[in-house]
Amino acid sequence: VQLQASGGGLVQPGGSLKLSCEASGSMFKVDSMGWFRQAPGKMRKLVANLNFGGGNTDYRESVKGRFAVSRDNLKNTVYLQMNSLKPEDTAVYYCYSDWAQSATSSFLRRSWGQGTQVTVSS
């Protein structure tokens with residue numbers, strides 16, 4: 001299973017970016033998908049995620065009201081719309097997917113994307 005992230009870049013404070021991440025490979029079922037980020041010298045932290053149906057989302061407090069996570073289950077793709085970006089949002093953003101290998105799998109596996117750099121600076 002591979003995840004390919006895209007959409008990062010350099011943006012001025014107050015600007016917007018949209019990240020995309022497509023999961024591909026042999027997966028019986030994809031469960032939770034979402035995004036973490038890691039700033040230099042800091043631990044990787046959850047930004048946002050959502051369950052398969054999209055009805056259950058979770059955001060870190062600092063991005064609530066500015067970021068929106070969504071997904072297209074037919075494409076196994078998760079998105080992160082980032083608005084009103086701040087310098088403190090600067091980080092490498094990693095997408096992930098929790099998935100089951102088969103119908104009889106008793107646990108989910110987690111795969112990560114390669115990371116995409118988001119830099120917010122004037």
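It should be emphasised that the depicted structure is a prediction, and the values quoted were computed from it without experimental measurement.
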Of all residues at least two apart in sequence or in a different chain, which pass the side-chain hydrogen bond (donor to acceptor under 3.5 Å, both in side chains) check with [X]?
X	value
Gln114	none
Ser70	none
Ser24	none

Please find the pair of heavy atoms, one from Ser16 and one from Gln81, that lie closest to each other, and give the distance. CB-NE2, 4.0 Å

Nearest atoms (heavy-atom pairs only) where Pro13 meets Ser122: CD-N, 3.7 Å

Full working for side-chain hydrogen bond (donor to acceptor under 3.5 Å, both in side chains) between Gln117 and Thr119: CA-CA 6 Å; Gln117 177 70 46; Thr119 302; 3.3 Å; yes

Is there a donor in the side chain of Ser6 and an acceptor in the side chain of Gln4, or the other way round, less than 3.5 Å apart? no

Among side-chain atoms of Thr104 and Ser102, is any donor-acceptor pair under 3.5 angstrom? yes

For the pair Phe36 and Trp112, name the ring-plane relationship: parallel under 30°, tilted 30 to 60°, perpendicular over 60°. perpendicular

Members other than Tyr59 in its cluster, when Ile, Leu, Val, Met, Phe, Trp, Tyr link by side-chain heavy atoms under 4.5 Å? Val1, Leu3, Val11, Leu17, Leu19, Met27, Val30, Met33, Trp35, Val47, Leu50, Val63, Phe67, Val69, Val78, Leu80, Met82, Leu85, Tyr93, Trp99, Val118, Val120

Non-hydrogen side-chain atoms of Tyr96 and Cys21 separated by less than 4.5 Å: no

Spatial distance of atom CG (Asp89) from atom OG (Ser121) [nearest 0.5 Å]: 12.5 Å

Measuring from atom OG of Ser62 to atom CZ of Arg37, what distance do you get when rounded to the nearest 0.5 angstrom? 4.5 Å

Going by the salt bridge (charged side-chain N to carboxylate O under 4.0 Å, His left out) test, which pairs reach into residues 67-86, not counting sequence neighbours? none

For residues 102-112, which residue pairs qualify under salt bridge (charged side-chain N to carboxylate O under 4.0 Å, His left out), counting only residues two or more places apart or in two chains? Asp98-Arg110

Donor-acceptor contact below 3.5 Å, side chain Arg44 vs main chain Gln38: no

